[in-house]
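These figures come from a predicted structure and were not determined experimentally. Just so we're on the same page: letters track the sequence lines, and every chain starts at 1.
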There are 2 protein chains.
Amino acid sequence: MLDDVDRRLLRYFQSDPGASAADLAERAGLSGAAGWRRLERMREAGIIRGVEARIDWAALGYAVEVSLRIALDKGEARAFDTFLAAAREVPEVIEIQTFLGRVDVRLSVLARDMAHYQQIYRDRILALPHIADIEALMLVARVHHDEALPL
Amino acid sequence: MLDDVDRRLLRYFQSDPGASAADLAERAGLSGAAGWRRLERMREAGIIRGVEARIDWAALGYAVEVSLRIALDKGEARAFDTFLAAAREVPEVIEIQTFLGRVDVRLSVLARDMAHYQQIYRDRILALPHIADIEALMLVARVHHDEALPL
DNA sequence: GATGAAAAATCTGTGAC
DNA sequence: GTCACAGATTTTTCATC
């Protein structure tokens, strides 16, 4: 499916997603057009899903991130889906994770400050359906790095 | 600091980071040059940190994501930093989170399959220093959406 | 199938106003 | 802030292997 040239392109793209296609192509030892075509093909195949904005939320006044582990009612069959649909409607919920064989869900909530977080928590989080229990942890640091994964 | 036009630009950029500056400017009701200069200013201010590649890891054969909660030794003063530095060296550890008032750390590990995960777990994770206890959860779904945050 | 070269359309980045 | 412009980039076309 992907040959070495594609993988190389992908790796360069990953480490510098802002670079021009011609640039990435050159680093992979191709002409601009050839590199562009390969990248486009990977885009169409869904391997490259595009690009995501990296925004400094703290600089915009969102200083507090809280991770919530929410246990759901075990009784109701539709509790899981109902909860997830409702959680997706809360703008400050920036991430939702679910786990194998678990009826609990992890939410990440981004808020301006503690007062704002408390407001979101009371008005939006506690209003979500089928909650059995909540555990909250305030995030101190979050390090992302999926640049080095061997392709 | 930021006026409404900046916020609008930022919002459009966030929902479509691949769009050209001219495009974003037009949507915000500006000429291309004016929009470009505003975006550039936000880039220099560090508000826009750039752009991140979105790659479909599952399509590349990375099908398993596991979330680990690792409790650290409470005794040693440097345990935290030593552990974090070592964890950052493992390519398959794609995310590290730390929490307020906690001596445990959350790692996300990306692996090709369960066999691969087990290998990473035994060879790389268990080799990390100062581990007191580990709890592992296999991720089923991860939904990201920080597009709708009110600016 | 793939590539490179070249051309056209678009975008970036700067200068003048 | 707009407008104009040169240079770079994207995207298509075409000849070639």
Separation of atom CG in L2(A) from atom C1' in dG1(C), rounded to whole Å = 16 Å
Between dA2(C) (P) and M1(A) (CE): distance, integer Å | 12 Å
Atom-to-atom span, CG of L24(B) to P of dG13(C) - whole angstrom = 13 Å
Could you check R43(B) against E40(B) for salt bridge (Lys or Arg N to Asp or Glu O under 4.0 Å), going step by step and ending with a plain yes or no?
-> CA-CA 5 Å; R43(B) 232 168 259 134; E40(B) 186 61 20; 3.0 Å; yes
Just checking S31(A): base, sugar-phosphate only, or nothing, at a heavy-atom cut-off of under 4.0 Å?
-> base
Look at the side chain of A33(B) and decide which nucleotide, out of dT10(D), dT12(C), dC3(D), has an atom nearest to it.
-> dC3(D)
Test for a donor-acceptor pair under 3.5 Å between the base of dT12(C) and the side chain of R37(B), counting only N and O atoms.
-> no
Return the value, rounded to whole Å, for the distance between atom CZ of R27(B) and atom P of dC11(C).
-> 12 Å
Over 12 foreign heavy atoms within 6.0 Å of CZ, R102(B) | no
CZ of R41(B) versus C1' of dG1(D): gap in Å, rounded?
-> 13 Å
Selected nucleotide, minimal atom distance to A34(B) side chain, candidates dT2(D), dT10(D), dT3(C) = dT2(D)
Find out if a path of hydrophobic residues (ILVMFWY) with successive side-chain heavy-atom gaps under 4.5 Å connects I125(B) to M114(B).
-> yes
Please tell me which of the listed nucleotides, dT2(D), dG4(C), dT12(C), lies nearest to the side chain of W36(B)?
-> dT12(C)
Could you tell me the separation between the CG atom of D4(B) and the P atom of dG1(D), rounded to a whole number of Å?
-> 13 Å
Side chain of A22(A): nearest nucleotide among dT10(D), dT12(C), dA2(C)?
-> dT10(D)
Mind checking whether Y62(B) and D56(B) have side chains closer than 4.5 Å, heavy atoms only?
-> no
State whether the distance check finds a donor on one side and an acceptor on the other, under 3.5 Å, for side chain R38(B) versus base dG1(D).
-> no
Same hydrophobic cluster for L137(A) and I70(B), using side-chain heavy-atom links shorter than 4.5 Å among ILVMFWY?
-> no
Over how many whole Å does the gap from D23(B) atom CG to dA9(C) atom P extend?
-> 18 Å
Over how many whole Å does the gap from E40(A) atom CD to dT9(D) atom P extend?
-> 18 Å
